[in-house]
Protein chains: 2
Amino acid sequence: MNAKRKNILLVLKEQRPTVFETILKHGHMMHWSIEYYPAEIPKNWYGDGAIVDYISPQEIARLPKGTPIATRSSIIADNIFPVRADTEYNMAMVFNFFRSRGYRNYAVANAHPMLYDPVTVIGRMAKEAGYNYDFIYWNLVGKKVMKEDFTRCIKVIGEWLLQLPKPCALYIGRIRSVHLVYRACEQVGVSIPKDVAIVSNTDDPEYGVNLLPSISVMSDNHEGAAIKMVEGLDGLINGKPAPRQIQLIRSDRIVARGSTDAYAVEHPATMQAIDYILSNYSNPQLTLQDITRAAGCTAVTLQRNFAKYLRRLPSSFLQEVRLEGAAAMLEKTTLNLQEIAQNVGYGSNMSLSLAFKSRFGMAPGQYRKNLNRVNRK
Amino acid sequence: MNAKRKNILLVLKEQRPTVFETILKHGHMMHWSIEYYPAEIPKNWYGDGAIVDYISPQEIARLPKGTPIATRSSIIADNIFPVRADTEYNMAMVFNFFRSRGYRNYAVANAHPMLYDPVTVIGRMAKEAGYNYDFIYWNLVGKKVMKEDFTRCIKVIGEWLLQLPKPCALYIGRIRSVHLVYRACEQVGVSIPKDVAIVSNTDDPEYGVNLLPSISVMSDNHEGAAIKMVEGLDGLINGKPAPRQIQLIRSDRIVARGSTDAYAVEHPATMQAIDYILSNYSNPQLTLQDITRAAGCTAVTLQRNFAKYLRRLPSSFLQEVRLEGAAAMLEKTTLNLQEIAQNVGYGSNMSLSLAFKSRFGMAPGQYRKNLNRVNRK
């Protein structure tokens, strides 16, 4: 038996294959002997360190005093490396995703209040922008509705959905709860994404793919959090001081999926211009005059309405559609840059490359490489 | 919303990425909308069908009467497709694995008694063969030792390990419990695999890889069970009658890992012959005379002792080592058949191919293809 091998406790409250496998893999590289327990910290455990994911401070106190610990709980202590999602950053991403699509009605659905709560954060952003806002905690209505009564839970969510002003942008706190909203929509006749457009997070990539109607998802970056916890724990074990602040993990991106990638613009001419751009952006000869003509209004009216609903000019909107298209092709196809440039209406791969870099902060090749690493399955 | 989409409940008691992802993937192909809940069936759920893995009959009774259900519980009913591991077959595989390596002392360690219990099955096989046998349920000793007291649990297992006759072949019911035995061995100075050679199952491939000293693992074929449940449930939903018997899932194989792939033969000359074969099997010119000479005894003595300890002749043992070597190379390398034949001491790829097929029931190419499918990550 190798004396240098560390005994590391791993306790995961939730079934998240990405977190589980990432920790096993990276822990393996650290030469850890990982002792896994689902859900609960075993009593009188002892060893070299622990990763305990979403475990309460009370329960963490069961570990021997001074044990190095990495955790997704908000605890600052000499032996703890704390990690959590950067809710402020992530929710700004969600809010801007909807805002740039013209939404003025916002809502958040979640099981119950949390310390860093999307309900609070998106609510504040919507109110600051002067938009409508509503929310629901379905496990509070009638106390623990979901666990107690699936049928009643769907009824409660359905009634809430019905009274929302439409079209509404809805963020659902956990992708595993999305089916409750699907069921509720079906029951009360609310349509996705026409009446309610949804973004949720990705607890698990495979789970998200499975949903229909497909919704846009914010990548929770659980892999990043898992790696951070392994590295943080390794640091503590090797005598590095514990950070004095919670380490924030940011989402990578929002993956816009067809059916939710809707626009909510009340001005018919602007909607026509949007449709025209979405259908013709691959044509490099496309001009503002073409777009104005398709909209059937003056250039000034069009500019004003784009600014009002989409918060940018028609030309920026066109560029964004082209770059998002290029990003999608880098992800989903094996086309080379030249071919992609042609497909999204860029005159040359050089100009695409430059614009892409300024939008996404990296060159197209780098973007594709990163994605291949993430989507390694 | 597509009216034809089925609402399928998925409840998994245990964190098993393979089961989770296989069901999501295959359910997706069936156009199911999967509603996942960890650990518990939600109250008043209703829908088109349910997969509930390792859930008690009492809890299953919560589902609406007549709901089609696939489950790994042993229930026979008109609406249930029951699946379970073929314990009898799997444990025979484990027993024969050790027996063919010369072990005469057997033991099983498990948390608590089960309906289809390795403790009973291996116990019966060992006793029938006239071998020593012992077992431990560590959650029974002092009532729920593991959950109540990690330290005491290791002490109890350590004392048990100490008194086992050595060398001992040990089967551990769950790979996630193997660390308890590692800790106990370390504490009482029992060596793996010299004193105690271990086989466990694979709850999760990544978890098994992580163990050190590495042990041999019996592939539990959770993927096969998951696919069976999806297909079984699909059948029930489409009106196929429920099977009148529990569907048995057999393990694919045992993956022998270096450090546990030990032999327990008390006869020194035979042990020398084994070592000689293991070191020289890649030489196609290797003869029985060479082996006998290395053993330092007569051919008759050698044959008698091979039969006694390994239950086969030296020539069959040599062939098995060569074929196991070829199988490992098919799995772990990209060498072609010609190169593999040379490496394992076969004169031609044709003769290797024939022998391989008669041993593993499939051609080498087929074997590699199957593994690539299983190890898709």
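All values below come from the heavy atoms of this structure, side chains included, with hydrogens, waters and symmetry mates left out. Convention: sequence-line order gives letters A, B, ...; per-chain numbering from 1.
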Closest contact, heavy atoms only, B:Asn44 versus A:Thr151: O-OG1, 2.7 Å
So which heavy atom on B:Gly47 is nearest to which on A:Arg183, and how close? CA-NH2, 3.9 Å
Pair B:Arg176 + A:Glu35, salt bridge at N-O below 4.0 Å: no
Please report the interatomic distance OG(A:Ser33) to CD(B:Glu186), rounded to the nearest 0.5 Å. 8.5 Å
Let me see the working for A:Tyr46 and B:Ile154 under side-chain contact (heavy atoms from CB on, under 4.5 Å), right down to the final yes or no. CA-CA 11 Å; A:Tyr46 61 97; B:Ile154 285 172; 3.9 Å; yes
Should we count NZ of A:Lys228 as having more than 12 external heavy atoms under 6.0 Å? no
Is it true that, when you exclude A:Lys13 itself, more than 12 heavy atoms of the residues, nucleotides or ligands shown sit nearer than 6.0 Å to its NZ? yes
Checking ring pair (Phe, Tyr, Trp, His ring centres under 6.0 Å) between B:His179 and each of A:Trp32, A:Tyr37, A:Tyr36, A:Trp45, which is the one that passes? A:Tyr37
